[in-house]
Amino acid sequence: MAWFLPLIAATTPLPSAEPDREASDIVITATPLDNRGDQVPAPPAQTALAADIERAHALDLTDYLRRMSGGVFINDVQNNPLQPDVNYRGFTASPLLGTPQGLSVYLDGVRLNQPFGDVVSWDLIPKSAIARISVVPGSDPLFGRNSLGGAIAIATKDGAADKGVELEVSRGSWGRHTVEAQAGGPIGGGLDLFASGNWFEERGWRDASPSRAFQAFGKLRWHGADTSVSLSGSHADTDLNGNGLQEMRLLAADRASVYSQPDTTRNRAWLANLSAEHRFSDRLSLSGTLFWRRIDTDTINGDINDDALGENVYQPDAAERAALAAAGYSGFPSSGETQANTPFPKWRCIANILLNSEPNEKCDGLQNRSKDRQREWGASAELTWAARLAGARSRTTLGLGYIRSVVDFAQQSQFGYLTPDRGVAIVAGPGAFADGSQDSENAFDARVDLNGRTSTFSAYGLESITIDTLTIDLSARYDRTAIRNRDRISPGGGTGSLDSDQVFARVNPSAAARWTPVHGVTFDAALGQASRAPSAVELGCADPASPCRLPNALAGDPPLKQVIATTMETGIGLTVTPFALRVGLFRTVSRDDILFVASDVSGFGYFRNFGRTRRQGIDIDLTGTIGPLRVSAHYTLLDATYRSAELVDGSANSSADGVAPGFGGTIAIAKGDRIPLVPRNLFKAAIGWDVARFLTLDLDMIASSGVYARGNENNAHRPDGVYYLGPGRTAGYALLNAGLELRPGKGVRFFVQVSNLFDKRYATAAQLAATGFDAQGSFVARPFAGPVIGGERPLQYSTFSAPGAPRSLRIGARIRF
């Protein structure tokens, strides 16, 4: 009822309009549409402007967040600078299908989490168009789905605020070169225009890892006395190679090496956004947005076929030799091919593809291809009243939203053999594809052809009341998401079919308060709840009777529950010129979290809901300016743990309950075990020194404690040097970055940016997995002759790491006309 009280007081005049406009510049609880205009979330939210990103000479948005934003850390699982997993307080926004997504990302009020899997493709966001970014913490329901741990809201530039023409070019290590251009200004009649573009290209510091990316953005805006309308559009075309994690021994021998390749993602995206705002009076306004977007994604991944590990993939038998000869092959051995003399076997693979027999066991390589076509459109509107209510200032916001999407996703896997350059050579034949048709007891079907349609209706309200120096925000949001999946390969529903019709609905509330008893002292507190519906990837791999080999291989569709996250947060802010300090405490408890758990079939698993997880800690943020010096420091103590017991796949973990070492098995998560890939301590510091009017020096540092590897969810892995190699976690690290900017004349800047100044060797992520190579880089199918149990032999498992980039240099110039 509080949302409608301002209607009663709508005729009560405010003392003045101007104070309300000033007060609205800073809001406690923001909405996605707030960030389009002048409103900025109050601390503990973090806000950065375009000038901050330029001053840091950040490569893109994620580079700035990694270096400068408190509580944000990066897992370079893909090992491509434009494809990171961005984590905030232990919640993730990732471009990888199958990764649980716990952050929402908005651009001018449009949610960028994609319909299929809720992933975020950071390579599609044009850096040169960013006017402001806000990292909003906590489970804020007003930001809708996936805002379990926070939201990142991005506002773009316009021709009125960003006049003139700017051009930036740079060149750097590994053949990296970038070009940025932007132009803006008024064009008469209340119209202004802004346009920008970015180009990025490099050969990459690791083998077989070239990438390129192009992004363009434009905005036409009309601004009248009480009304503003803007039409913006963006296009991105990227071709990225991210060759992922590497086994520890191979990484030690050659840090630029890759485990297998290629790992290519081709994205093409279009986004059109029409937004408008009308002020009926100083007390009543209406804003809204109407958008359409299209994303086409094609991937090619060359991977090791884990099913070949433990098998005899070497000397072809008589039937296989006959098949090879009949197909016109020559040069295959008649006898004597062994693991000892053949580092990269191929003949049994080729023969079994021709015979459609057991290529799933005899081929050590798989080429996986996927095609994803996503279309999404929607609209949202907010009505805001400002009035007096019983002596207090009241601001009420009511919002509605509707989004609809159509997704077509197809995936296939083709058998092949590994080559010395770690590529996969594919072979044509009856058994070429993993479609389950092979004459093998372990044949599997990796095909997917899915059409998904999703619609989400949202309604939310926010009541903000200010009494002197105290502001209280009360809000709630209702989301109803309907998902309709249709399987083109196995229609009809039931085990093995992706057909489903599911509806997820929930109301999430929140409350926040901000009190400034005296100038320079502020107390804030918030309690909020947010949820996320299971993604199509998770819904498609949730059947214990039809488990998946990989988290992104779809099979079966029983219901999963929504994940519910509740965040409590409180803090105190002190401003003593020239410093500002905030110390905050936070705790987020997630219920019905979704985890990939083990099945009874070795190497398989499925998604399911389980108990609780908790992420809690302390944030300390300090900023200040002392004459020519600008300083900042951020420290986060993050305790991220499982709060419920669970049994999960632990094949690569030394503590697994397998029949013997090297035979896989499961591990038991206990309450209090640390969540993998989340550092306990994260510290960032930066100092900028304006040496003279024309010269600025900058230093920034990132220090992070180590993280537990995926596969070590019980934190109990201990390598034995035989069956299990490498630790179950990464080491901590500290990196220093340095920059120099020279301004010889008006509108001209030259800069030098050095990343990882001391060339630190470090890793940002790790995973335990079976290894298919020995220390010399030769493929080894059977690392041990025995024991043989149930017809199986033990495998060797190792730690795979995501290596951080070595020292790099970038030199550039920026000219403003």
Side-chain angles (χ1 to χ4, degrees), residues 299-314 316-329 332 345-371 408-418 424-451 485-499 540-541 543-557 599-606 781 791-792:
T299 69
I300 303 176
N301 296 305
D303 298 316
I304 281 188
N305 176 23
D306 289 339
D307 273 13
L309 299 179
E311 300 292 334
N312 179 8
V313 300
Y314 299 95
D317 60 24
E320 292 165 347
R321 294 196 301 271
L324 290 168
Y329 286 95
F332 49 86
K346 67 178 183 179
W347 293 114
R348 292 207 78 184
C349 170
I350 297 172
N352 276 267
I353 289 175
L354 295 173
L355 293 169
N356 197 19
S357 180
E358 294 181 336
N360 56 297
E361 296 181 355
K362 302 303 186 286
C363 291
D364 57 9
L366 272 176
Q367 186 182 88
N368 300 297
R369 292 176 176 264
S370 72
K371 180 180 293 187
D408 290 288
F409 178 79
Q411 176 180 285
Q412 67 178 20
S413 296
Q414 186 170 358
F415 294 112
Y417 56 88
L418 293 170
V424 175
I426 56 177
V427 181
F433 293 92
D435 56 9
S437 66
Q438 285 76 29
D439 184 19
S440 170
E441 62 179 356
N442 296 318
F444 61 91
D445 190 351
R447 296 173 301 160
V448 178
D449 193 351
L450 174 70
N451 173 263
N485 285 344
R486 291 297 178 264
D487 191 335
R488 295 190 175 105
I489 297 176
S490 302
T495 298
S497 175
L498 303 180
D499 283 6
C541 184
D543 189 352
S546 184
C548 304
R549 181 168 298 273
L550 298 173
N552 64 346
L554 310 184
D557 199 10
S599 78
D600 294 333
V601 184
S602 177
F604 284 71
Y606 56 94
E792 302 293 330

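Values reported hereafter were calculated over all heavy atoms of this structure, with side chains retained and with hydrogens, waters and symmetry mates removed.
Side-chain contact check for Glu320 versus Ile350: every heavy-atom pair is 4.5 Å or farther apart.
Taking each heavy atom of Pro316 and Trp347 in turn, the nearest pair found is CG-CB, 4.1 Å. Scanning both residues, Gln411 and Ala446, for their nearest heavy atoms gives NE2-O, 3.4 Å. Scanning both residues, Ile489 and Arg447, for their nearest heavy atoms gives CD1-CB, 3.6 Å.
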Query - Worked check of side-chain contact (heavy atoms from CB on, under 4.5 Å) between Asn451 and Asn485 - result: CA-CA 6 Å; Asn451 173 263; Asn485 285 344; over 6 Å; no
Report task. Please report the C-alpha distance between Val313 and Asp364 in whole Å, then the side-chain angles of each, then the deciding distance to 0.1 Å, and finally whether the side-chain contact (heavy atoms from CB on, under 4.5 Å) criterion is met. Result -> CA-CA 8 Å; Val313 300; Asp364 57 9; 5.5 Å; no
Query raised in the report: Could you walk me through whether Leu366 and Phe415 pass the side-chain contact (heavy atoms from CB on, under 4.5 Å) check?
Result: CA-CA 5 Å; Leu366 272 176; Phe415 294 112; 3.5 Å; yes
Requested in this report: Test Asp317 against Arg348 for side-chain contact (heavy atoms from CB on, under 4.5 Å), laying out the working first.
Outcome: CA-CA 8 Å; Asp317 60 24; Arg348 292 207 78 184; 4.0 Å; yes
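Side-chain atoms of Asn305 come within 3.5 Å of backbone atoms of Cys363 as a donor-acceptor pair (strictly under, hydrogens ignored).
Shown are Leu355, Asn352, Asn356; of these, the side chain to side chain contact (heavy atoms under 4.5 Å, CB included) with Gln438 is made only by Asn356.
Here the CG atom belonging to Asp499 is positioned 6.0 Å from the CG atom belonging to Asp487, to the nearest 0.5 angstrom.
Using modelled atom types, one finds no donor on one side chain facing an acceptor on the other under 3.5 Å when comparing Asp439 with Ser357. For Asp307 and Asn442, the side-chain atoms include no donor-acceptor pair closer than 3.5 Å.
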